[in-house]
Each structure stands twice: as structure tokens, then as C-alpha cells.
Amino acid sequence: MAFCDLYQDKMHEECGVFGVYDRDQLDVARFVYYGLYALQHRGQESAGIAVSDNGSILYHKDMGLVNEVFDDVVLNHLKGKAAIGHVRYSTTGASHRENAQPMVIKYKNGQMAIAHNGNLVNSAVLREKMEDSGTIFQSSNDSEVMLNILSRYRILSGSIEEAIIKMMEEVKGSYALVILTSDKLIGVRDPLGIRPLCLGKIGQSYVLASESCALDAVEAEFIRDLYPGEVVIIGEDGVKSIRTSEGGRTFLCIFEFVYFARPDSFIDGASVYKARLEAGKRLAIECPVEADLVIGAPDSGLVAAMGFSQQSGIPYGEGLIRNKYMGRTFIQPNQSMREMSVRIKFNAMKSEIKGKRIVMVDDSIVRGTTTRRIVQMLKEAGAREVHMRVSSPPLRYPCYFGIDISSMKELVASRHSVEEIRQMICADSLGYLSLGGLLKTPVGAGCRFCTGCLNGQYPLDVSEVENEKL
Ligand code: AMP
């Protein structure tokens, strides 16, 4: 790969992170493996695990799903006291093995590994400054930038805690981090709390995970979400917490509730499932329609479709069958492949659809490709009318904080009105949930939200990265 490609290839990543500090004789690598399995929806492109064993860090990472990257032989080699893991999914640019995480470095004070979910908005500037002073990078990852800053401050200050706090003053963007040193597991959540990270416990051992569903998977008890700007240090003596932004501004990503997180997770006090159900109910109030059957786009629209049905009284049914053995549509690299893959992924249930007026609910429309294909499929299956309802507002702006929702020019709603989109997808009507309505759906979340992709109002200055996504 040409050197300049590293910059162009700067990934906008969707990821999941997981970590464990063992005080009960756990098999930490297998434990992380199961945790990553539960976070697979957050990234299917690469997976990796690093374990800390008597001062040295062993790791294995590769392209592929968790069960493709790891087998018994590999896991048997990864023995240690603490471990971190990462799943990653990126669509911008080609995928490269060197961008797989955890990133592991050797430096003056030993070894250190990091796994990152999120996206920095000033990493190009930081990277250039470091390169000007001779630093060499192996990847286009933000994580490597952070590792370099961390190792420098660690050498200067001597303490990993201080190094992390200094790094947090330099980097801008979203980051949920799990860091592994020779004797500690550390969790860090960015000062705006954009990406989620929670703490759990099993026996005397501590666990960190992007989502609470991964704690459930390993039978760990949920303790709490990390506070925005919090650093949690786990070692032999237990857990120590440092709050760097006391009662600061929080901007949790609203898209975690709309699409990204698993419905069985709780984030910052709110149930993802309940938020989606509520979004469907509000959608039925805001955009009512006379119809015979409500169906959801599997799996992303199913919960909201149920909410729509409960509120409207229109029966809920299964109208589309999804091929479970296929990855996400977006994995296909070009538009023609993407169109075909929709056909392979979904099929309409003719017996349920024929002759009916259908309300078809999905969580979002990004490019409009899948939606148009599905509407067409429903009509071919004999639907009399297809009314498309979307349980979030139009996605008009790019995300700079770690959700891959295309560049501005690919977002259909950035260039077209709702009526134009309706015509493009050949639906009989199209209705979106309002932003005000959506923001009321994560009931119990005691925080504000980043709504940048919906209204262009970002919680941080994005001017340094704006060009990448126009
Ligand atoms: P399309 O009609 O092609 O815009 O596709 C809409 C579908 O994309 C919906 O079912 C969404 O759930 C799904 N979607 C939304 N955001 C993403 C994302 N970041 N990655 C993959 N799929 C997404």
C-alpha cells in the first residue's frame, strides 16, 4: 500500500471492545472470545484478543468473524491475568490487516495494548506532528496515535493514569477504550460519552464491555456505565476510578438506540429495546396510515414495527424473511453488488403480503438501495399498497464519531426531500419520526445525545475531518 493511502484510508469504524481482569482463575482469552461473540454485531471485519501474562503481552488478530479468527489452538496459547478484545467493521477504503485491533506496542516501560471504539477528529493533525518528529506508524488507526501519545507521557510521567489523562487532553473525538498494561486493565470513556462502555463483575473479576449484552453473555453482573470522561483502572487491588470531567456535557450517540446496539442492551440507564418500541409507537402517532398489516425490516426494524402495531392497532406480522447466514448488505464493496445482495438477503412472504395494504417499518434509510428493493419485493409479492415508516429522522449528515453512515453524497436524504425519496423507493407513502419524538425514546437515559447525523449539530468541531465525508 502506498504511504499516502494510509491517510486516505483513515477508517470510520464501528467497533466493539471487551476486557477482563481475572481474580478467579478464569481462562481470560476464552472469556473475551465469548464477550466478543456477543458484540459481533458491532463489527464483522476483523477480530483480535491480547492477553497480559507476567509482563508480556501476547495477541492474535486477523480479518474475519470472531469464530473464524480464533480456534482452540490459538486460544490455548493466550494465557494470562487480563485480556482485551476488539471487533471491527469499517467500510471506508479497503480493509487491511494492519488496522485490526488490539494494537500492541513495545516501548521503554514494557508493553501495552489498546482496543478502541470511536473516531478521533484531530488524529491527522496529531499524527503529522508526531511524524514530523520521527514517529513511524504501521496503520491508519487512531489507536496507534493514542498509543504513541500514551507511551510518551508514560515515559515522562511514570504513571499510566497521568499518561491517560494527558492523552485525553490532546485527543478530540469519540473513544471507548480498553487498555492493557503488564499489570492493569483500564477502561476509558471520552469526555462527551459519545460511545458506550460499561463495567461488570463476575466473582472477584472485573469486566469492561461496549454493551451490557456482552456482560450477560459471560454471566457477569452489570455494575454501571462508565461516566463520560471517566478512567477506570483495574488491578490486583480492585477498581480505581478517576473522573476527568465532573458532571460534564454528555452526548451519547443516538444512533446506538436507533440501529447500532443490540436490543437486549441497556446504555446509560435506558433499554435499547424499549427505546425502539417507543420509537415505533411515536411513529404511529406522528405518521398514521390506514393499513392491514405492519411488518418490520429484519432485524433492524422489527422492534419499532411492533411498537407501531401496538399503538395503531394494525396487526403485526412477518412479511420478510432474512437469510441469517449473510453478512450486512454494506459489506459489498460496490453499488451493483450491493443491489444484488439485497435479493439474497431478504425474501417476501407472499402468503402474508398478497392483497394487503402493508406498513413497512425500518429504523433508518441511508442510501435508499435496500429500502427500494424491499418495497419492490413486497409489491411483486402482491402487496396492494406499501407505506414506508422510518423510526428515526432523515439521515442528512455524515457521522464523524464512529458510525459508518456514508459520506454526504451517498446519503439519499442529504440531497432529496421526503417526497423525492418516496418516489425513488416507489412507496405509496413515506413517513419519518421527528427528532423531537426520537429524543424522547431512550426512557431513563439521564443524558443528552449526539444528533450530528440528523441535524448537522456536532458536539465537537469537525472542520479538520469534514472534507473526508463531503
Ligand atoms: P438503504 O435503504 O440502502 O439505505 O438501507 C437501509 C438499511 O440500512 C436499514 O435497514 C438500516 O437498518 C441499515 N443501516 C443503517 N445504518 C447502517 C450502518 N451504519 N451499517 C449498515 N447498515 C445500516
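Sequence positions, counted from 1, serve as the residue numbers for this chain. First listed ligand is number 1; within each ligand, the first listed atom is number 1. FYI, side chains are in, hydrogens and waters are out, and symmetry mates aren't considered; it's all heavy atoms of this structure. Keep in mind it's a predicted model, so treat the numbers as computed, not measured.
- Some N or O of R367 is nearer than 3.5 Å to an N or O of ligand 1, by distance alone.
- Near S300, meaning under 4.0 Å from one of its heavy atoms, ligand 1 places the atoms 10 (O), 12 (O).
- The list of salt bridge (charged side-chain N to carboxylate O under 4.0 Å, His left out) pairs with a residue in residues 388-397, not counting sequence neighbours, is empty.
- Residue F255 places a heavy atom less than 4.0 Å from ligand 1.
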message = Under the criterion salt bridge (Lys or Arg N to Asp or Glu O under 4.0 Å), I'd like the reasoning laid out for R88 against E45: C-alpha separation, chi angles, the key distance, then a yes or no.
response = CA-CA 6 Å; R88 171 172 177 275; E45 191 185 78; 2.7 Å; yes

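- Counting the atoms of ligand 1 from 1 in the order shown, those under 4.0 Å from a heavy atom of D362 are 9 (C), 10 (O), 12 (O).
- Residue Y89 has no N or O atom closer than 3.5 Å to an N or O atom of ligand 1.
- Close contacts of ligand 1 with T370, meaning ligand atoms under 4.0 Å from a residue heavy atom, involve 1 (P), 2 (O), 3 (O), 5 (O).
- Under a 4.0 Å heavy-atom criterion, R373 is not in contact with ligand 1.
- With hydrogens and angles disregarded, no donor-acceptor distance shorter than 3.5 Å links the side chain of E385 to the backbone of A291.
- Contact annotation for D363 and ligand 1: only side-chain heavy atoms (C-beta onward) come within less than 4.0 Å of the ligand.
- The 12-atom threshold is not exceeded at CD of E219, counting heavy atoms of other residues, nucleotides or ligands nearer than 6.0 Å.
- For E14 and R195, the salt-bridge test fails: no basic side-chain N is under 4.0 Å from an acidic carboxylate O.
- Only side-chain heavy atoms of E14 come within less than 4.0 Å of ligand 1; its backbone N, CA, C and O stay farther off.
- In this structure, A297 does not count as a contact residue of ligand 1, since none of its heavy atoms falls inside 4.0 Å of the ligand.
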task = Could you give me the CA-CA distance, side-chain angles and deciding distance for S392 and D363, then say whether side chain to side chain donor-acceptor pair (under 3.5 Å) is met?
result = CA-CA 6 Å; S392 67; D363 70 289; 5.7 Å; no

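- Here E211 pairs with R42 in a salt bridge; the nearest charged N to carboxylate O distance falls below 4.0 Å.
- Ligand 1 places these atoms under 4.0 Å from at least one heavy atom of G368: 1 (P), 2 (O), 3 (O), 4 (O).
- Salt bridge E170/K129: absent, no basic N to carboxylate O contact under 4.0 Å.
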